[in-house]
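This one's a predicted model, so the numbers in the text were calculated from it and none came from an experiment.
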Amino acid sequence: MPTNKHTNLTKELKRNFGFDTFKGDQEAIIQNVLDGKDTFVLMPTGGGKSLCYQLPSLLMDGVAIVISPLIALMKNQVDFISHLSEREGIAHFLNSSLNKTAIDQVKNDIRAGNTKLLYVAPESLTKEDNVEFLKSVKISFYAVDEAHCISEWGHDFRPEYRRIRPIINEIGQAPVIALTATATDKVRTDIKKNLGILDATEFKSSFNRPNLYYEVRPKTKDVDKDIVKFIKQHPGKSGIIYCLSRKKVEDLAEVLQANDIKADCYHAGLDSVKRSQTQDDFLMEKIDVIVATIAFGMGIDKPDVRFVIHYDIPKSLEGYYQETGRAGRDGGEGICIAFYSYKDLQKLDKFMEGKPVAEQDIGRQLLQETAAYAETSVCRRKMLLHYFGEEYEQENCHNCDNCLHPQTKVEAMNQLVTVLRTILTVKENFRSDYIIDFITGRETEEILAHKHHELEEFGSGEDDNPKIWNPVIRQALIAGYLKKDVENYGLLKVTAAGKRFLKKPHTFMVAEDHEFNEDDETANMEGGTSALDPTLSAMLHDLRRKWSRKLERPGYVIFQDVSIEQMATDYPVTLDELKNIQGVGDGKTRQPYAKEFVDLIKRYCEENDITRQADLRVRTKAKDSMRKLKILQNIDRRIDLDEIANALGIDFEELLDELEGIVLYSGNKVNIDYFLQEIMDPDDIDDIYEYFRESDSGDLKEAYEELGSDYEENEIRLVRIKFISEMAN
């Protein structure tokens with residue numbers, strides 16, 4: 001073992017790894033391990049955690065046991081160490097992917113003293129024959145990687161991690177180093193307690209990754225298209241897209257492939273050969289994009305990942321932070337975009353049903369923190385760092401959507417006073433949702449049960465904007481006027497600073513939360529702000545009004561708003577390019593007005609010297625296109641629509657969704673008269689048809705409100721499909 005001198009360790013670093021200097025706390029951490037002390041390392045992804053156990057393992061007697069949940073990462077790291085050393089068998093892994101011959105080879109190399117690093121999955125570590133074998137070997141130290149898996153408060157809880165300490169006791173005592181990239185105070189304590197290293201020397205690096213750009217966007221039905229556009233605007237760059245379900249992973253990968261993007265999918269349901277191949281292809285840059293499940297840790301050690309997209313909002317901020325941390329590990333560009341919708345949040349909440357109550361409660365608290373991060377207008381970097389117990393002093397980080405496009409702030413001194421008083425009134429025993437219900441005067445079951453509706457302060461904020469309370473509480477937490485008691489289910493407590501504020505209130509400015517409208521058709525992936533040209537948009541709307549008057553048809557029948565907006569973004573200057581616009585098909589381009597629209601756009605581009613983006617047509621998956629083709633073919637054969645739905649294995653409403661897509665977004669024409677005449681009275685068809693002829697927007701919700709008492713929703717939808725098909729296409 002080397003002496004404590006800085007020069008010796010630096011020399012060993014250069015000799016073994018080729019680096020001239022250590023990063024951050026690496027040297028102190030390594031020295032602590034060499035001194036035989038238990039060590040706890042909290043270091044963000046990309047900070048160089050692996051070196052903290054790799055270098056000491058090469059310098060100490062015996063073999064270091066590295067416990068890791070990621071089989072893919074084990075192979076990656078073993079390959080890395082093996083390439084650095086001339087010594088055969090210096091690093092090995094022991095997991096379920098090996099056959100008996102390979103396992104025997106690993107054990108022989110360890111017995112011979114060739115192996116300094118042995119990576120094991122926790123499941124493999126607990127196998128009886130492995131325990132017996134390791135008892136006969138000198139262990140230099142144990143490294144527990146991804147240590148947050150120990151804690152049920154962590155984002156990736158693995159019950160088998162709870163068995164590590166008893167197994168260590170059985171195999172033989174040696175120092176322990178626990179390493180994680182994401183851990184709140186609660187998780188950190190949980191890890192140390194469970195591993196029996198409460199006296200461990202702790203090393204905590206800053207969580208700030210200044211090179212990462214954070215943004216949250218509303219998740220609309222065009223999210224696939226938005227992602228394709230984004231990737232096309234970053235050609236050749238490596239990226240990871242996280243989805244919640246395996247099916248979505250596979251579907252999205254197919255969509256990307258259909259649009260000539262070099263992409264593949266990666267999830268736990270694939271066989272190990274396919275997973276290894278996909279990972280190798282990504283590392284060797286044969287593919288640019290990997291679509292993966294959040295639930296399955298990828299262990300991709302690639303420094304130049306340029307973007308990480310969350311198709312679905314993650315279950316916790318720990319998970320989000322670690323997954324975004326895979327971007328820009330070389331210090332270069334790292335774009336982190338998450339799509340957020342309330343529906344996803346509800347879906348995640350529903351997944352928790354059936355789990356033990358305590359687990360549900362923890363899961364919901366973690367979800368609420370993620371929702372707070374998504375909805376807030378505060379600097380996202382400040383919000384993230386605060387969550388991990390680190391203070392970010394700057395008001396504007398200049399590298400997140402909220403800082404680049406700040407919301408107007410409003411004075412909320414009185415509202416903060418109301419919040420602080422309320423929390424003290426209810427004895428600091430409740431969470432933020434209860435506090436907001438109390439302030440706004442909502443007589444919920446819980447409030448009635450505690451008889452808090454009888455208190456004088458109940459409803460003290462019911463005259464204020466109800467949207468102000470969440471941001472006030474969130475920003476009061478960041479400002480230090482409130483704190484959350486994590487040990488007790490996130491109960492809100494007033495801090496000493498909060499009590500001082502109550503005695504002497506002063507200005508307190510807050511930015512109201514973002515509102516996420518899931519029907520927003522204009523959400524885009526143009527780098528954070530809309531690329532729509534407002535001047536051209538106004539000119540196109542004027543031209544539409546002219547043709548509306550001329551043809552005596554509503555404007556949306558000429559072109560829908562979404563089509564006009566895309567024209568004012570993509571600048572189509574030929575009829576062929578116009579076909580690429582949503583809601584425009586071959587039929588539309590043959591209309592007398594189509595040429596006038598593209599001529600106007602062409603003239604506008606020339607007069608304003610506009611450089612257009614390359615043409616982009618987002619193609620759907622082949623099987624989606626095949627389904628549309630089958631629907632059209634069956635309608636041509638006059639098959640009843642309910643029979644078509646049955647044959648395709650979808651319900652009738654889904655078929656109507658498909659038909660609306662065909663006539664509204666693809667601009668195709670369909671003739672469903674044969675079916676309408678069979679199920680509806682001709683006068684009813686005429687009445688609904690006439691309604692849409694006179695409607696300014698053709699909006700379905702408005703139609704339901706106007707016609708819903710007389711007609712079924714599906715009848716209104718069917719006649720609207722007929723109307724759009726005949727009048728617009």
Requested in this report: State whether the side chain of Arg381 and the backbone N or O of Arg209 hold a donor-acceptor pair below 3.5 Å, judged by distance alone.
Outcome: yes
Query - Asp288 side-chain N/O to Ser238 backbone N/O, donor-acceptor pair under 3.5 Å - result: no
Report summary line: Across all chains, not counting sequence neighbours, the side-chain hydrogen bond (donor to acceptor under 3.5 Å, both in side chains) partners of Glu596 are Lys546, Trp547
Query - For Lys602, all residues meeting side-chain hydrogen bond (donor to acceptor under 3.5 Å, both in side chains), sequence neighbours excluded - result: none
Query raised in the report: Can the ring centroids of Tyr387 and Tyr321 be said to lie less than 6.0 angstrom from one another?
Result: no
Query - Residues Lys302, Asp304: salt bridge by 4.0 Å N-O rule - result: yes
Requested in this report: Check for a donor-acceptor pair, side chain of Asp570 on one end and backbone N or O of Pro572 on the other, with a separation under 3.5 Å.
Outcome: no
Query - side-chain hydrogen bond (donor to acceptor under 3.5 Å, both in side chains): pairs with one or both residues in residues 635-644, sequence neighbours excluded - result: Asn634-Arg637
Query raised in the report: Are Glu653 and Arg717 within salt-bridge range, i.e. N to O under 4.0 Å?
Result: no
Query raised in the report: Judged by atom type as modelled, is there a donor-acceptor pair below 3.5 Å linking the side chain of Arg326 to the main-chain atoms of Val305?
Result: no
Report task. Verify the distance criterion only: is there a donor paired with an acceptor across the side chains of Glu375 and Tyr340 at less than 3.5 Å? Result -> yes
Query raised in the report: What residues form a side-chain hydrogen bond (donor to acceptor under 3.5 Å, both in side chains) with Lys248, not counting sequence neighbours?
Result: Tyr311
Report task. Decide, yes or no, whether a salt bridge links Asp401 with Arg380 under the criterion of side-chain N to carboxylate O below 4.0 Å. Result -> yes
Report task. Taking Asn259 for its side chain and Ile261 for its backbone only, find out whether a donor-acceptor pair lies under 3.5 Å. Result -> no
Query raised in the report: So, the side chain of Gln257 versus the backbone of Ala263: is there a donor-acceptor pair under 3.5 Å, distance only?
Result: yes
Query raised in the report: Any chance the side chains of His310 and Glu323 put a donor and an acceptor closer than 3.5 Å?
Result: yes
Query raised in the report: Who pairs with Tyr119 by ring pair (Phe, Tyr, Trp, His ring centres under 6.0 Å), at least two apart in sequence or on another chain?
Result: none
**Report entry** Val670 backbone acceptor or donor facing Ser725 side chain under 3.5 Å
**Finding:** yes
Report task. Please assess His148 against Thr180 for the test side-chain hydrogen bond (donor to acceptor under 3.5 Å, both in side chains), listing each intermediate value before the final yes or no. Result -> CA-CA 6 Å; His148 56 268; Thr180 177; 2.9 Å; yes
Requested in this report: Run the salt-bridge test on Asp226 and Lys229 with the 4.0 Å N-O cut-off and return the result as yes or no.
Outcome: no
Query - Any residue meeting ring pair (Phe, Tyr, Trp, His ring centres under 6.0 Å) with Tyr373, in chain and number order, not counting sequence neighbours - result: Tyr320
**Report entry** Lys/Arg N to Asp/Glu carboxylate O, Asp264 vs Lys274, below 4.0 Å
**Finding:** yes
Report task. Would you check if the side chain of Asp145 reaches a backbone N or O of Ser68 as a donor-acceptor pair within less than 3.5 Å? Result -> no
Query raised in the report: So, does Asn402 use its side chain to make a donor-acceptor pair with the main chain of Gln407 at under 3.5 Å?
Result: no
